[in-house]
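What follows is a set of notes on a single structure, which appears directly below.
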Amino acid sequence: MIQTHKQYDHKSIEEKWVKIWSEDQAYRAVKDGRPKKYILVMFPYPSGPAHMGHVANYTLGDVLARYFMRKGYTVLHPMGYDAFGLPAENAAIQSGIHPATWTRKNIELIRQDLKRLGFAYDWTREISTCDPGYYKWTQWFFIKMFEMGLAYKADAAANWCPSCGTVLANEQVLSDGSCERCGAFVVSKWLNQWFFKITDYAERLLDDMKLLTGWPERVLTMQRNWIGKSSGAHVDFTLESTGEKIRVYTTRPDTLFGVTFFLLAPEHPLVDRLARSAQIKEKVDEFREGLAGRTSFERSAIDTEKEGVFLGDYVINPVNDERVPVYTANFVLMEYGTGAVMGVPAHDQRDFDFARKYGLPIKIVIKPADAELVAEKMESAYEGEGIMVNSGVFNGTPSEEGRNKICDFLEENSFGGRAVNYRLRDWLVSRQRYWGAPIPMIYCDFCGIVPVPEEDLPVILPENLSLAEGGKSPLPFEESFYKTTCPKCGMEAKRETDTMDTFVDSSWYFFRYVSPKEENAPFDRDEVRYWMPVDQYIGGIEHAILHLLYSRFFTKVLYDMGLIDFTEPFTNLLCQGMITKDGAKMSKSRGNVVTPGEYIEKLGADTLRLYILFMGPPECGKDWSDAGVEGAHRFLHRVWNLVHERYIDLLEKPGANLNQNDRRHREMRSLTHKTIMKVSSDIEKFAFNTAVSFIMELVNGIYKYTAEITPDPDVLREAVETTLQLLAPFSPFITEELWQVLGKSESIHLSPWPEYDPLLAKSEEITLVVQVNGKVRDRIKVSADISEEDMRKKALDSEKVRRHIANRQIRKVVIVPGKLVNIVV
RNA sequence: GCCGAAGUGGCGGAAUGGGCAGACGCGCUGGUCUCAAAAACCAGUGGGGGUAACCCCGUGCCGGUUCGAAUCCGGCCUUCGGCACCA
């Protein structure tokens, strides 16, 4: 039967298989006896159709999932939507569409794109965080954490985004002081808010990083930085006027004898009590007013001038009974350490600046090895190591050693002792927004804060409300929502009207996938035991701290609750770089947005997937090129034509002058097997770009083979079928179609991954490189199993080499077996 | 300022337990086909020199180790990312 030569029509092929795979529920995760792989990609925020970042991210996951399916694993590869969040409310403000409507419409759009892209998801496990069946359990976790003392309400200086009209967690403020979401500058506001006590887990979050051997080093470094552990000492100073102790934290106890003043954060509760005289009180108020107007970023900027006010009181340094003045100063932070700092101007640059400004004494207590310090002549603080001086019995002690000795001394005399501090702050989780999971708490005038009883969950977010004036949340104005009765005493009470940070929703979603329809628990524990932890997590580097730190924290809390028996959720992590266009982030305002939809339409999902992987290593940023994507399309055409023109046609008219022993048949087989070997190992290394290039080389090789010689049918069949099988995870549609053209009855995606024969994968011939003094002078084709002696002989026999040696004396011959000979003269 | 990553053709990128620099693709040039073009196919393509065989230079810069360095070591420069008044 002669096939009519059909043109490669990506559109009809892809539509056909999307339908078939969908009807077959082809990629359901089945819990069976086989080894499992849980391949997870960070679920999208549904803000519209899929964008290129999604394609890149999800294609990586899809290639791995399909690869492991064919390697005999049972694979969990799910998809869902991070569906609560501010953009939905912004859309409502701008166009009047309800956040729920907007979100569900976008889920529909992105789902359609994901299906068109051919991702092998188990669609029966689809979840959405705005679904009451999901957020019921988000609320349940909140209550459990409240019961464990890990969720608490407190007054604190919070990051307030004026444009979003809500508070933000520290992690959601960028280093320039702007809002991670909208870019507006964040201000500091003193507010009563809900927090998760992530600081209780600081040490474990840090310590368990040693388990994360499958994580990129840069992500671990960023988290380590963020947690910011430091070791030092607590020292209790005595307030002269009242005799009470004020504790400071320092990383340099060795400089304790150099204290010449004492500082309190402006928010420190002691400041008001100390500022007794009217004159001082006035100055302090004025000083605080000056700070209040500024953004928190401005206040903590390194180049902001150091300022302070003397509070009229003194403290006594416990180690030498020296009396030093107490100031409040703008650069002292209430949130870090104890909110009180000892001033050692000789050995701390900030204290030095402050001392110079207010004419405070500078006392040298560390002497550098190679210089003499004179207080009056110093231009900056000496922060390095040295020998302790002016420090009583500690004189002559090296500073590193001194730190320890002072700590011992403090502990022996109950003046303080060793202490550890973290930069990490508690996670502020309440948001004054509508489109989020309601915090399941009730305020009762008699009983205080009472959690919603478990059986009353979920606290349903009413979806029939529209945003209040100025885009504000309608919940505080909606009596039918907030009016309730106290579960304890039955009296009239008021619900919490704040919702949760959406990062809470996404901190446990990977648990929900294992049993998405479970109604009596957040997840089925047997299913978790089988599928978790996630074997491979894939997502953008922008979540290096945020989502990944929160998820690690949640997992540890779940462990402490006794729900799971592991402490880290993601065994291996792959962080992909950003896709840019013309070197810049794609954005509507720049007008440089390219959307997957247009390319799926024009060139096909297979082409798009192939190109986006071929562009470069996954972890690097990639710049989109229209010319490049055409090249990928051209390659798929070549594959299509290979099957139709070179394979089917030639098989139809077999056999003239078949010379089985011709070297070229063996070379073809060798190339086929070599390609299996390289593509397999490259996929496991995430080197998808080179995996694709090896498949391209195989295709080029087959073209050459069929052009040069009448192919052997078995050799050609092996080569062509292997090509399709290796290409299948990358471009699932065209390979499935061609597989069918070849008369296969089962899906190519269910066929076992090809195995290679190591003997065949080895070349018969190698190119021997011959160098003279390290410079390549000749290349000789030799048999692969050549002996070292023959290598030397061949090299020395070479005409070109002889010319370069001329009549100089050969001093040495270096031989690298099977590769290279270097002749040194 | 501190920490981390990276600098390779016109472009995206290959090659690091030291051993052929530039795989694969894009772009470009020439050719075949065509009335012509597109597509497709074939050939070429780091720079310089030479009619040629060939020769010299070349992986951010300067040194070093080595028979041999994109790869290792020391010092610089640049870019990107993170942290940054955290006591």
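Reckoned from all heavy atoms, side chains included, excluding hydrogens, waters and symmetry mates. So you know, we letter chains A, B, ... as the sequences are listed, proteins then strands, and number each from 1. Not measured: the values here are computed from a predicted model.
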Just to confirm, is there a sub-4.0 Å distance from OP1 or OP2 of [N] to any side-chain nitrogen or oxygen of [X]?
| X | N | result |
| --- | --- | --- |
| A/H804 | B/C55 | yes |
| A/K812 | B/C67 | yes |
| A/Y336 | B/A87 | yes |
| A/N225 | B/C86 | no |
| A/R638 | B/C41 | yes |
| A/K775 | B/G68 | no |
| A/N689 | B/G25 | no |

Note, A/E619 side chain near A/C575 side chain (heavy atom, < 4.5 Å) =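 A/E619 vs A/C575: side chains apart.
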
request  = For A/M696 and for A/T221, locate the closest nucleotide of RNA chain B by heavy-atom distance; then report the residue assigned to the nucleotide nearer the 5' terminus.
outcome  = A/T221

Integer angstrom distance from the [atom1] of [N] to that of [M]:
| N | M | atom1 | answer |
| --- | --- | --- | --- |
| B/G75 | B/A52 | P | 47 Å |
| B/U16 | B/A21 | C1' | 12 Å |
| B/A14 | B/U65 | P | 32 Å |

Let's see if you can work this out: which of [options] has an atom nearest to the side-chain heavy atoms of [X]?
| X | options | result |
| --- | --- | --- |
| A/T767 | B/C20, B/A87, B/G4 | B/C20 |
| A/V814 | B/A23, B/C54, B/G19 | B/G19 |
| A/R777 | B/C67, B/C55, B/G25 | B/C55 |
| A/M615 | B/A87, B/G12, B/A23 | B/G12 |
| A/R634 | B/C26, B/A87, B/C85 | B/C26 |

message = If the glycosidic angle sits within 90 degrees of zero it is syn, else anti. Tell me which applies to B/G18.
response =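 What B/G18 shows is an anti base, its glycosidic angle lying more than 90° from 0.
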
key: Rounded distance (Å) that lies between atom P of B/C28 and atom CD of A/E630   =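 Those two atoms, CD and P, are 12 Å apart.
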
key: Atom-to-atom span, CD of A/Q771 to P of B/C20 - whole angstrom   = 8 Å

inquiry  = We want to know whether A/N421 and A/S230 form a side-chain donor-acceptor pair, criterion being a heavy-atom distance below 3.5 angstrom.
reply    =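 Note: A/N421 and A/S230 side chains miss the donor-acceptor criterion.
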
Short side-chain donor-acceptor distance under 3.5 Å, A/S763 and A/K674 = yes

Does [X] make a side-chain donor-acceptor contact with the base of [N], cut-off 3.5 Å?
| X | N | answer |
| --- | --- | --- |
| A/R350 | B/A87 | yes |
| A/K306 | B/C85 | yes |
| A/E217 | B/G4 | no |

Looking across every strand, which nucleic acid part, if any, lies under 4.0 Å from [X] by heavy atom: base, sugar-phosphate, or nothing?
| X | value |
| --- | --- |
| A/N700 | sugar-phosphate |
| A/K800 | sugar-phosphate |
| A/T251 | sugar-phosphate |
| A/G337 | nothing |
| A/V824 | sugar-phosphate |

Bracket string, RNA chain B, 5' to 3' - pairs by Watson-Crick or G-U geometry under 3.5 Å, | interstrand = (((((((..(((......[....)))((((((.......))))))((((....))))..(((((..]....))))))))))))....

[X]/[Y] ion pair, N-O < 4.0 Å:
| X | Y | result |
| --- | --- | --- |
| A/K363 | A/E322 | yes |
| A/K685 | A/D682 | yes |
| A/D778 | A/K800 | yes |
| A/R224 | A/E217 | yes |

inquiry  = Ring of A/F354, cation from A/K306 - is the NZ or CZ under 6.0 Å from the centre and inside 45° of the axis?
reply    = no

message = Using 30° and 60° as the class boundaries, would you call the ring planes of A/W427 and A/Y550 parallel, tilted or perpendicular?
response =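 Parallel: the ring planes of A/W427 and A/Y550 meet at under 30°.
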
